[in-house]
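Let me begin by presenting the structure, written as structure tokens, before commenting on it.
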Amino acid sequence: MNYWLVKSEPAVFSWERFVKEGKAVWDGVRNYQARNYMKNMCIDDLVLFYHSNTGKEIVGIAKVIKETYPDPTADNIKWVAVDLVPVSAFKKFVNIEQIKINIKLKDLLLIKQSRLSVMPLSEEHYRALCKMGL
DNA sequence: GCCAACGTTGGC
DNA sequence: GCCAACGTTGGC
């Protein structure tokens, strides 16, 4: 089991819409590092859903239901997509300020590499974030 | 709106 | 292969 965090601007694709639609095709990633992480996603891996730009907070947990396949929105087969479904919403959204002041989370890639849109989480980081949000 | 931190592109 | 110029992301 692996743990991940993905970012989405709520103005583009929000958690609310994700829940309403019941599923998301996670496509459009055009960054090699993010793509390489996506290729390592396995069915049933858990994924924290972060609202970037507006909100700047983790809003819920999703799950991988389909592993990488060619991104239907790309004109090159090198890009990939995965399918996600919502699992549960955070009771308390975990914003970036809270994350930054938590010493346990100081090595989180969300902080260290702010532009990365798909990133792995250690189990410890995953648990710490869930503890803050659930 | 600004800027830091990347990524990409293209000339050499 | 290097690097300047430019583009994008995302926090502030």
Side-chain angles (χ1 to χ4, degrees):
Chain A
M1 167 75 75
N2 302 306
Y3 302 94
W4 309 96
L5 182 147
V6 297
K7 291 181 183 175
S8 182
E9 290 186 42
V12 178
F13 186 79
S14 67
W15 171 262
E16 290 71 25
R17 186 171 147 206
F18 182 34
V19 169
K20 198 173 166 187
E21 295 180 2
K23 182 186 154 182
V25 175
W26 214 260
D27 57 20
V29 172
R30 296 294 181 270
N31 170 284
Y32 286 102
Q33 201 180 353
R35 181 207 62 175
N36 292 342
Y37 288 135
M38 283 173 79
K39 283 186 172 179
N40 289 324
M41 288 184 175
C42 298
I43 287 178
D44 291 337
D45 279 358
L46 295 170
V47 183
L48 297 182
F49 193 110
Y50 177 81
H51 275 168
S52 62
N53 247 313
T54 310
K56 282 164 277 184
E57 54 204 2
I58 299 172
V59 292
I61 305 171
K63 182 172 81 166
V64 177
I65 58 155
K66 187 176 175 186
E67 294 176 9
T68 48
Y69 57 96
D71 183 341
T73 69
D75 53 10
N76 190 311
I77 55 156
K78 70 184 178 182
W79 302 117
V80 298
V82 295
D83 289 357
L84 302 179
V85 291
V87 173
S88 57
F90 270 13
K91 291 192 181 72
K92 293 179 290 179
F93 295 166
V94 177
N95 68 38
I96 200 158
E97 288 84 12
Q98 294 170 263
I99 292 169
K100 279 184 173 171
I101 60 174
N102 188 333
I103 191 71
K104 282 187 202 163
L105 299 172
K106 70 179 171 58
D107 293 326
L108 201 66
L109 285 173
L110 184 69
I111 310 294
K112 295 176 74 173
Q113 215 178 326
S114 67
R115 290 185 53 195
L116 191 60
S117 61
V118 177
M119 66 193 74
L121 295 176
S122 67
E123 191 177 344
E124 291 70 26
H125 285 166
Y126 177 81
R127 284 179 196 277
L129 290 165
C130 285
K131 199 175 168 187
M132 292 162 79
L134 293 174

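Lettering follows sequence order; numbering is per chain, from 1. Keep in mind the model is a prediction, meaning the values are calculated, not measured.
A salt bridge is defined here as a Lys NZ or Arg NE, NH1 or NH2 lying under 4.0 Å from an Asp or Glu carboxylate O, and A:R35 with A:D71 fails to meet this definition. Taking the charged nitrogens against the carboxylate oxygens, A:K63 and A:D45 have no contact shorter than 4.0 Å, which rules out a salt bridge. Salt bridge status for A:R127 with A:E123: present, with a side-chain N to carboxylate O gap under 4.0 Å.
Distance, A:L116 CG to C:dT8 C1': 14 Å, rounded to whole Å. Between the P atom of C:dG11 and the CD1 atom of A:I58 lies a distance of 11 Å, rounded to the nearest Å. Protein atom NE2 of A:H51 is 13 Å distant from nucleotide atom P of C:dG10, rounded to whole Å. Put simply, CD1 on A:I111 is 20 Å from P on C:dT9, counting in whole angstrom units. The separation between A:L109 atom CG and C:dG10 atom C1' is 15 Å, rounded to whole Å. The interatomic distance linking A:Y32 (OH) with B:dT9 (C1') rounds to 12 Å, in whole Å. Between the CH2 atom of A:W79 and the P atom of B:dG7 there is a distance of 11 Å, rounded to whole Å. Atom CG of A:N76 and atom P of B:dT8 are 13 Å apart (whole Å).
The side chain of A:K7 contributes an N or O atom lying less than 4.0 Å from OP1 or OP2 of C:dG10.
Set against C:dG10, B:dG7, C:dG11, the side chain of A:Q33 has B:dG7 as its closest nucleotide. Taking every side-chain heavy atom of A:Y50 into account, C:dG11 is the closest of C:dG10, C:dC12, C:dG11. Here C:dG11 is the nucleotide among B:dG7, B:dT8, C:dG11 with the atom lying nearest to any side-chain atom of A:N53. Out of C:dG10, B:dG7, C:dG11, the shortest distance to the side chain of A:Q113 is found at B:dG7. The side chain of A:I96 sits closest to C:dG11 out of B:dT8, C:dG11, C:dG10.
Ring centroid separation for the pair A:W26 and A:F49 comes in under the 6.0 Å cut-off.
Taking the ring centre of A:Y69 as origin, the terminal cationic atom of A:K66 falls inside the region bounded by 6.0 Å and 45° from the ring axis.
Across all strands shown, A:K112 has no heavy atoms under 4.0 Å from either base or sugar-phosphate atoms.
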